[in-house]
Amino acid sequence: MSKITSDPKLIEIQKALELIESDKTWSVIDDAIQKLSKLYTDEPSMLPQLNKFLMKMRSPIESSITTDRTRLSGAAVSLIQQVAEVLKGEFLPFIDWVLPALLKLPTRTNKVVVTRATNCILTITKVTQLTELIPFYSDATKSISKTLRVASMKAILQVIESFKPESAQIHGQLIEASIRDGAIDSASEVREASRLTYAAYVKTFPDLKASFDESLSEVARKYLLPKPASKTARSTASFKKFMAQKPRADSPVIPASSLKSPVGSIKDSDLAEPGTYVSPASPLSSSCQTPLEATSQSHPCDLATHCSEASALLSKSAISDPSANIPSPVVNQAHAADTTVLETLQTTS
């Protein structure tokens with residue numbers, strides 16, 4: 001063992017880290033890594049010495065990060081995350097060997113390992129805000145591993161959300177390329193991450209949205225750009241919203257006698273055709289809700305006819321029989337339903 005420090009604590013840690021990993025020694029290495037992490041937290045005055053020591057211990061730390069032993073790997077990942085949180089922007093000298101090691105972990109099948117590594121990467125991105133991280137993430141979006149592509153796209157999203165706009169824009173072309181590739185990815189998780197990243201990107205850089213949208217393929221636009229609502233969808237939504245309304249508590253129920261009194265009013269026998277609805281008391285009740293629901297299984301023309309006749313009937317009743325006290329909102333809702341149904345049927349026919 002070559003002596004790289006004179007500090008007794010670090011000499012002890014060095015001896016443990018330079019052991020060959022085995023079933024008998026891995027726990028000793030794990031303990032040494034945890035002691036090193038604690039020094040970064042408890043001994044700020046030792047930071048220059050600790051950084052030099054960590055750089056000298058690069059090889060054993062890398063091996064511990066990528067080991068198949070979940071517990072040992074977790075200790076090494078926690079150490080790197082702790083160092084990044086303490087050093088922030090001064091973490092730059094370590095990313096050339098730390099990032100490649102960390103980016104190997106999301107390719108594993110162990111979900112604990114994947115989640116832990118992804119969280120560490122996102123933390124490093126957020127606390128250091130180093131633009132030198134972006135090329136690592138951009139390259140990782142081209143990996144054959146789906147979980148690594150998801151993790152790297154999340155990291156790019158973290159860049160957009162955490163970095164100052166002028167810093168993120170330094171590698172704007174790499175970010176846009178990653179979004180375009182992610183939008184047409186075969187994995188739905190990657191496409192969703194790309195969609196979220198696109199939304200954050202155009203919100204942060206609204207002046208670039210038009211030119212970026214023009215660079216997207218038709219397939220990419222399908223997943224990234226919001227779809228305008230069609231006229232049919234708007235009419236249907238309006239109709240459903242009306243049908244979901246409930247009568248006001250202070251609105252009286254319209255008596256059947258007041259609805260049948262005007263000349264030309266609807267009779268039950270007029271509706272007694274095959275496939276149509278016959279009201280047990282009145283062709284209309286509680287703002288047309290029940291008859292409209294009941295006739296939903298009938299021919300569309302029946303639905304339109306019933307609604308038109310019902311709204312006309314309400315108007316006549318309100319005029320000819322003032323004592324019926326039919327609230328004006330009920331009449332207005334019936335007219336609105338009549339108009340919405342006719343527009344929907346015309347659109348869909």
Side-chain angles (χ1 to χ4, degrees), residues 33 37 40-41 54 61-62 64-66 70-71 73-143 145-172 174-179 181-183 185 187-205:
I33 291 175
S37 180
Y40 265 97
T41 305
L54 184 62
I61 296 296
E62 277 184 295
S64 296
I65 291 173
T66 58
T70 305
R71 181 176 163 183
S73 175
V77 170
S78 296
L79 167 64
I80 296 303
Q81 184 169 325
Q82 181 66 40
V83 173
E85 290 175 344
V86 171
L87 297 182
K88 295 181 171 54
E90 295 180 3
F91 187 74
L92 178 60
F94 302 100
I95 66 171
D96 285 339
W97 60 272
V98 166
L99 259 294
L102 286 175
L103 290 171
K104 291 178 181 179
L105 299 184
T107 65
R108 304 279 178 86
T109 56
N110 188 318
K111 292 184 179 180
V112 173
V113 173
V114 172
T115 301
R116 186 163 53 204
T118 302
N119 289 339
C120 180
I121 290 169
L122 295 180
T123 299
I124 290 173
T125 306
K126 182 177 181 179
V127 300
T128 66
Q129 298 192 18
L130 295 170
T131 58
E132 290 81 0
L133 297 169
I134 300 175
F136 287 97
Y137 302 150
S138 179
D139 290 341
T141 60
K142 303 177 180 65
S143 170
S145 169
K146 179 187 74 174
T147 49
L148 178 54
R149 296 199 304 274
V150 172
S152 57
M153 189 60 69
K154 288 181 178 180
I156 293 176
L157 174 59
Q158 186 69 68
V159 167
I160 298 172
E161 293 179 340
S162 302
F163 286 26
K164 294 179 180 179
E166 56 270 22
S167 298
Q169 190 54 33
I170 293 176
H171 293 290
L174 291 179
I175 293 175
E176 291 185 2
S178 297
I179 295 174
D181 292 341
D185 196 279
S188 59
E189 298 94 328
V190 180
R191 294 197 301 271
E192 175 63 15
S194 177
R195 186 184 66 79
L196 295 175
T197 306
Y198 167 82
Y201 184 76
V202 297
K203 181 179 179 179
T204 305
F205 304 103

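We use all heavy atoms of the structure for the numbers below, so side chains are in, but hydrogens, waters and symmetry mates are not. Position 1 is the first residue of the sequence; numbering continues from there.
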Next item on the list: Could you tell me the separation between the CG atom of Leu196 and the CZ atom of Arg191, rounded to the nearest 0.5 Å?
Entry: 13.0 Å
Check: Within the distance-only criterion (no hydrogens, no angle test), does the side chain of Thr204 pair as donor or acceptor with the backbone N or O of Ala200 below 3.5 angstrom?
Finding: yes
Note to self: Less than 4.5 Å apart, side chain to side chain, heavy atoms only: is that true for Thr125 and Phe163?
What the structure shows: yes
Next item on the list: Might you work through the ring pair (Phe, Tyr, Trp, His ring centres under 6.0 Å) test for Tyr198 and Tyr201, ending with a clear yes or no?
Entry: CA-CA 5 Å; Tyr198 167 82; Tyr201 184 76; 7.9 Å; no
Next item on the list: Working to the nearest 0.5 Å, report the span between OG of Ser143 and CZ of Arg149.
Entry: 7.0 Å
Next item on the list: Please tell me if the side chains of Arg108 and Thr66 come closer than 4.5 Å, counting only heavy atoms from C-beta onward.
Entry: yes
Margin query: Does atom NZ (Lys142) have a neighbourhood of more than 12 heavy atoms from anything else shown, all under 6.0 Å?
Written below: yes
Item checked: His171 side chain near Pro135 side chain, heavy-atom distance below 4.5 Å -> yes
Margin query: With heavy-atom distances below 4.5 Å as the criterion, would you say the side chains of Phe205 and Pro165 are in contact?
Written below: yes
Item checked: Note, Trp97 side chain near Ile61 side chain (heavy atom, < 4.5 Å) -> yes
Notebook entry, point to check: What is the distance from atom CG of Leu157 to atom OG of Ser152, rounded to the nearest 0.5 Å?
Noted result: 11.5 Å
Item checked: Separation of Cys120 SG from Glu85 CD (nearest 0.5 Å) -> 8.5 Å
Checklist line | Spatial distance of atom CZ (Phe91) from atom CD1 (Ile124) [nearest 0.5 Å] | finding: 4.5 Å
Next item on the list: Without swapping roles, check the side chain of Ser194 against the backbone of Ala183 for a donor-acceptor pair under 3.5 Å.
Entry: yes
Next item on the list: Please identify each residue that fulfils salt bridge (Lys or Arg N to Asp or Glu O under 4.0 Å) with Glu132, with sequence neighbours left out.
Entry: none
Notebook entry, point to check: Testing Thr107, Leu105, Thr118 for side chain to side chain contact (heavy atoms under 4.5 Å, CB included) with Val113, which one passes?
Noted result: Leu105
Item checked: Separation between OG1 of Thr141 and CZ of Phe136, rounded to the nearest 0.5 Å -> 14.0 Å
Item checked: Pair Thr41-Gln82, side-chain donor/acceptor within less than 3.5 Å -> yes
